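To start, the structure under review is shown below, and the notes come after it.
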Number of protein chains: 2
Amino acid sequence: MKLEKAASQLEALGNPTRLQLYRILVRAGDDGLPVGSIQEKLDIPSSTLSHHLKRLVDTGLVKQERQATTLICRANYPGMNELIGYLADECCADAKCAPATSKAMA
Amino acid sequence: MKLEKAASQLEALGNPTRLQLYRILVRAGDDGLPVGSIQEKLDIPSSTLSHHLKRLVDTGLVKQERQATTLICRANYPGMNELIGYLADECCADAKCAPATSKAMA
DNA sequence: AGCTAATTTCGAAAAATGTGGAAATAGGAT
DNA sequence: ATCCTATTTCCACATTTTTCGAAATTAGCT
């Protein structure tokens, strides 16, 4: 993963609304959630939500799938894992990190 | 870890210059690096660097220690581990992630 | 064709961020 | 005391982000 890509994903998640949004999608699991339902949960205007959602989709952290008129959104786990992997690598590159969470990848 | 804090750390890392800066500090290991040396590596004005550095320090991702006139900077691994832990938790909350990096914390 | 519901795009204003030169400050050394 | 080096703070400006109402679009239904 390139630094530029990692930075844009981090930036995408580095906004409270978007992080909350991402969280909601993660908790929604494989079923995902239509945009409308997310909007109810977050209680923000649809146009605002649409922008945030676009950001997450553009950086590969969220995937969308049309189902008739509604758009189902799902957290894209591989995208997140890539990012976590990058951070862990950067963090543990030369140094020894206290393995709090990142202990895998033998 | 609160969502707000995670978001601010993510935002801090979500800038190419700052991510690069953090990377440099990680690779510098326990010895850390004086601000001046970082500046040479990044080749940016000192005032700009100082702003970015402050951001990382404020969010707990970097620690600084005075040594006479120079300021030694070090990556704060516990801070990063907390963040990675938060992301892993969010990511794996209900869903099953392919355990790419986050397999610990039995 | 026309209607309704879901979502995005447009346009615009306020706020935050990124950047850097110049001045100020901190910490010794002579 | 004065000076020197390292770093931060001040100030200002350009760019980007955030926000959201209104209009446009998409998709299916009748």
Side-chain angles (χ1 to χ4, degrees), chain A residues 3-25 28 31-76, chain B residues 3-25 28 31-76:
Chain A
L3 182 137
E4 278 292 344
K5 184 182 178 187
S8 65
Q9 288 188 327
L10 289 164
E11 196 205 58
L13 291 172
N15 169 285
T17 302
R18 282 193 299 266
L19 188 52
Q20 213 179 327
L21 163 47
Y22 183 79
R23 226 176 108 113
I24 287 172
L25 289 183
D31 293 341
L33 224 50
V35 176
S37 304
I38 301 173
Q39 193 199 338
E40 281 174 30
K41 283 180 193 278
L42 288 177
D43 194 32
I44 58 177
S46 54
S47 68
T48 301
L49 174 57
S50 188
H51 286 306
H52 284 308
L53 217 30
K54 180 171 172 15
R55 248 341 228 286
L56 290 171
V57 170
D58 283 349
T59 55
L61 288 166
V62 166
K63 293 280 185 192
Q64 293 180 315
E65 181 198 350
R66 271 226 110 86
Q67 258 176 34
T69 42
T70 65
L71 243 193
I72 304 294
C73 306
R74 290 193 187 80
N76 184 39
Chain B
L3 182 135
E4 279 290 345
K5 183 181 178 188
S8 65
Q9 289 187 327
L10 288 165
E11 197 206 56
L13 291 172
N15 169 284
T17 302
R18 283 194 298 267
L19 188 52
Q20 213 180 328
L21 164 47
Y22 182 79
R23 228 177 106 112
I24 287 173
L25 288 183
D31 293 340
L33 225 49
V35 177
S37 304
I38 301 173
Q39 194 198 339
E40 282 174 29
K41 283 180 193 280
L42 287 177
D43 194 31
I44 58 177
S46 53
S47 69
T48 303
L49 174 56
S50 189
H51 288 308
H52 285 309
L53 217 30
K54 180 169 170 22
R55 232 18 205 278
L56 290 170
V57 169
D58 283 349
T59 55
L61 288 166
V62 166
K63 294 281 184 193
Q64 292 179 317
E65 181 199 349
R66 271 225 110 84
Q67 260 177 32
T69 41
T70 65
L71 245 194
I72 305 295
C73 307
R74 289 192 188 80
N76 184 39

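Because only heavy atoms are used, hydrogens play no part in the values below, and waters and symmetry mates are left out as well, while side chains stay in. In what follows, chains are A, B, ... by sequence order, proteins preceding strands, each numbered from 1. Because the structure is predicted, anything quoted here is derived from the model rather than measured.
The side chain of B:Ser50 sits closest to D:dT9 out of D:dT9, C:dT9, C:dT7. Distance from the side chain of B:Ser47 is smallest to D:dT9 among D:dT19, D:dT9, C:dG28. Comparing C:dA26, C:dG18, C:dG20 by their nearest atom to the side chain of B:Arg66 picks out C:dA26. Residue A:Gln64 has its side chain nearest to C:dT8 when only D:dT19, D:dT7, C:dT8 are considered.
Listed pair A:Arg18 / D:dT18 meets the phosphate criterion, a side-chain N or O lying under 4.0 Å from OP1 or OP2.
Between B:Ala68 and B:Arg66, the shortest heavy-atom distance links the atoms O-NE, 3.3 Å. The heavy-atom pair separating B:Leu13 from B:Leu19 by the smallest distance is O-CB, 3.5 Å. Closest non-hydrogen pair, B:Ile72 versus B:Asp31, comes out as CG2-O, 3.5 Å. Residue B:Leu25 comes nearest to B:Cys73 through the heavy atom pair CD2-O, 3.6 Å, listed as atom of the first residue, atom of the second, then distance.
Residue-to-nucleotide contacts include no donor-acceptor pair under 3.5 Å from the side chain of B:Thr48 to the base of C:dG18. Judged by atom type and distance alone, B:Thr69 does not reach the base of C:dG27 through any side-chain donor-acceptor pair under 3.5 Å. Residue side chain B:His52 does not reach the base of C:dG18 through any donor-acceptor N/O pair under 3.5 Å, judged by distance alone.
Atom CG of A:Leu21 and atom P of C:dT7 are 13 Å apart (whole Å). We find that NE2 of A:His51 is positioned 10 Å from P of D:dT19, with the value rounded to whole Å. Atoms CZ (A:Arg55) and P (D:dT16) sit 12 Å apart, rounded to a whole Å. Atom CD in A:Glu11 sits roughly 11 Å away from atom P in D:dT16 (whole-Å rounding). Residue B:Leu71 contributes atom CG, which lies 9 Å from atom P of C:dG27 at whole-angstrom precision. The CD atom of B:Gln67 sits 11 Å away from the P atom of C:dG28 (whole-angstrom rounding). What separates CG of A:Asn15 from P of C:dA15 is a distance of 17 Å, to the nearest Å. Computed from coordinates, the A:Leu56 CG to C:dT8 P distance equals 12 Å when rounded to whole Å.
Applying the salt bridge (charged side-chain N to carboxylate O under 4.0 Å, His left out) test to B:Glu40 and every residue at least two apart in sequence or in another chain returns nothing.
The backbone N or O of B:Ile44 sits less than 3.5 Å from a side-chain atom of B:Gln39, completing a donor-acceptor pair.
Of the two residues contacting DNA chain D, namely A:Pro45 and B:Ser46, the nearest-nucleotide position lying further toward the 5' end is that of B:Ser46.
Within residues 31-44 of chain B, no residue has any heavy atom closer than 4.0 Å to DNA chain C.
To the nearest 0.5 Å, atoms CG (B:Leu33) and CG (B:Leu71) are separated by 12.0 Å.
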